[in-house]
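Note sheet for the following structure.
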Amino acid sequence: MRAYLILFLCLSCYLDISAQKPIVINLARTIGKSPKEMMLSDLAADIKYIPLETTDDCLINNEFYIMQYTGEDIITSGIFHFNKEGKFLNRIGRKGQGPEEYLQGLFAFGDWKNKLLYVQNWTSMTCYTFDGKFVRSVPAPKQNMGAAGLFDENHLLYSNDMYFADKQNPVQLYLIDSRTGKTAGKWRGLLEDNKKYGLILTSRDYAGQLYFKPALENVIYKMVSPKKRQLAYKFDCSGKDIDVSVNEADPNKRFQFLSVYWVKETDKYLFVNYGMREISRLGIYDKAKGTFTNIVIKDNLAGGYDIHPAWTSDDKHLIMTYFPIGILKEKRCSESLLPERKKELDELAKNIKEDDNPV
């Protein structure tokens with residue numbers, strides 16, 4: 001199974017687009033439908049629950065934004081570095097305002113081949129090796145903590161979430177040199193007439209490499225080259241699209257529109273997490289059948305918990321995160337096709353504590 005990383009970024013309308021017909025998924029029709037049960041054995045050959053080591057040096061807050069798996073390493077908010085068995089190795093970088101430090105450490109993305117991590121600041125990206133050594137700081141003047149990702153070994157992509165603030169030059173996406181920060185390409189964004197633009201929290205972007213979703217548009221493009229994109233998916237929201245005139249910074253106005261939160265693709269499926277108001281759905285598009293269905297994935301391999309893949313990983317895995325309270329209280333699947341995995345999970349559930357790091 002080959003899983004493609006998703007880059008949710010903002011691009012303009014005048015890039016070259018492939019003539020290939022995009023896949024259209026009607027979210028307005030499915031948002032109100034109850035999910036169907038799907039067995040994990042239909043999607044995966046194996047599963048492993050990995051408890052992240054808990055020490056005073058690597059305590060992870062329950063509200064975190066990074067969980068990335070490279071096949072060999074696990075990177076979390078903090079920014080903490082674990083091996084693939086969950087053993088804490090080191091903290092990457094240091095929070096602060098110094099030239100070799102990062103300001104927040106909420107968002108980061110990796111160059112897995114060269115074992116580099118780029119930690120996003122407001123107007124720069126701080127690059128470290130996985131063992132925590134400072135490499136360089138890359139200027140990114142318009143980043144605003146927007147989505148960012150590795151385009152290739154020499155270039156980074158990042159979105160300007162405040163592109164609409166400059167009506168004369170609304171640049172949405174920047175392609176920059178990964179060493180100097182020099183702009184190698186930039187693309188303007190679309191502004192709707194007679195609309196007031198404010199902070200749209202439901203359009204929070206997620207980093208990756210090969211695909212992007214404009215923050216206020218219900219489409220996904222594949223990035224073919226620095227000058228070319230391919231329209232891959234379109235989401236039919238039938239008038240329930242985000243209204244940019246509504247400032248969702250006001251808690252009473254959040255999540256009022258049909259929004260795509262994240263997307264994860266494999267060679268056979270497209271997983272879509274989307275929602276509206278109090279409803280949140282996980283949908284799956286079957287490429288062979290051409291169908292889109294709301295699902296709940298049951299772990300019938302280890303007799304474990306419902307699966308909700310979301311975080312960034314290498315191209316062979318789907319990953320998700322469980323907090324200890326879920327391990328202690330959530331209901332498990334009654335079927336387990338892999339007895340050894342069930343035994344491992346039974347032991348984990350017996351020993352985990354509420355204040356431990358996530359699994």
Side-chain angles (χ1 to χ4, degrees), residues 6 8-10 23-38 61-65 67 106-107 144-147 159 161-164 189-192 194-207 211-220 233-265 269-286 291-298 305-311 320-323 325-326 329-331:
I6 305 299
F8 280 32
L9 291 174
C10 307
I23 293 170
V24 179
I25 298 174
N26 192 318
L27 299 183
R29 187 171 58 211
T30 58
I31 185 70
K33 295 185 178 180
S34 298
K36 298 180 180 179
E37 286 191 1
M38 184 175 192
N61 192 299
N62 281 354
E63 294 182 2
F64 65 95
Y65 297 85
M67 181 63 69
L106 297 179
F107 305 104
N144 304 309
M145 295 294 285
S159 66
D161 284 358
M162 299 294 292
Y163 73 93
F164 45 80
L190 175 67
L191 291 177
E192 296 182 51
N194 303 315
K195 292 286 188 178
K196 178 183 177 182
Y197 283 77
L199 180 63
I200 310 292
L201 298 182
T202 53
S203 68
R204 176 60 217 174
D205 298 324
Y206 295 85
Y211 289 79
F212 63 87
K213 178 190 177 297
L216 300 176
E217 297 179 56
N218 295 308
V219 294
I220 293 179
Y233 295 95
K234 294 178 66 176
F235 298 109
D236 182 355
C237 294
S238 298
K240 300 176 181 178
D241 313 62
I242 290 176
D243 180 355
V244 296
S245 297
V246 177
N247 183 5
E248 287 197 308
D250 180 348
N252 295 321
K253 297 178 180 179
R254 293 180 185 174
F255 308 108
Q256 296 302 301
F257 311 102
L258 193 51
S259 302
V260 176
Y261 303 138
W262 58 256
V263 178
K264 181 75 175 178
E265 185 173 32
Y269 304 105
L270 183 79
F271 297 92
V272 181
N273 180 211
Y274 68 107
M276 182 177 180
R277 300 190 180 96
E278 75 282 357
I279 302 175
S280 180
R281 300 291 192 211
L282 173 63
I284 185 170
Y285 178 78
D286 187 311
T291 57
F292 183 76
T293 310
N294 293 328
I295 59 168
V296 174
I297 305 174
K298 299 292 182 180
Y305 309 92
D306 291 353
I307 303 296
H308 202 79
W311 300 96
M320 69 165 293
T321 303
Y322 301 91
F323 292 108
I325 191 67
K329 294 185 177 182
E330 287 186 11
K331 185 178 179 181

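Side-chain contact between Phe235 and Leu258 is absent, with no heavy-atom pair separated by less than 4.5 Å. With a 4.5 Å cut-off on side-chain heavy atoms, Asp236 and Lys234 do not count as touching. Within the 4.5 Å cutoff, side-chain heavy atoms of Arg277 are placed close to those of Gln256. In this structure, the side chains of Glu265 and Tyr233 come closer than 4.5 Å at one or more pairs of heavy atoms. Side-chain atoms of Leu282 and Pro309, non-hydrogen and from C-beta on, do get closer than 4.5 Å to each other. Side-chain atoms of Asp306 and Lys298, non-hydrogen and from C-beta on, do get closer than 4.5 Å to each other.
In this structure, CE in Met276 is found 12.5 Å from CZ in Arg281, a value given to the nearest 0.5 Å. Atoms CG and CZ, on Leu270 and Phe292 in that order, are 7.5 Å from each other to the nearest 0.5 Å. Note that OH of Tyr269 is 9.0 Å distant from CD1 of Ile295, once rounded to the nearest 0.5 Å.
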Without placing hydrogens or testing angles, list every side-chain donor-acceptor pair under 3.5 Å for residues 27-36, not counting sequence neighbours.
residue: Thr30; atom: OG1; partner: Asn26; partner atom: O; Å: 3.3
residue: Thr30; atom: OG1; partner: Leu27; partner atom: O; Å: 3.4
residue: Thr30; atom: OG1; partner: Tyr274; partner atom: OH; Å: 2.8

Subject >> Test side chain to side chain contact (heavy atoms under 4.5 Å, CB included) applied to Asn273 and His308, step by step >> reply: CA-CA 9 Å; Asn273 180 211; His308 202 79; 3.8 Å; yes
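The aromatic rings of Tyr322 and Tyr305 are tilted relative to each other, their planes meeting at an angle between 30° and 60°.
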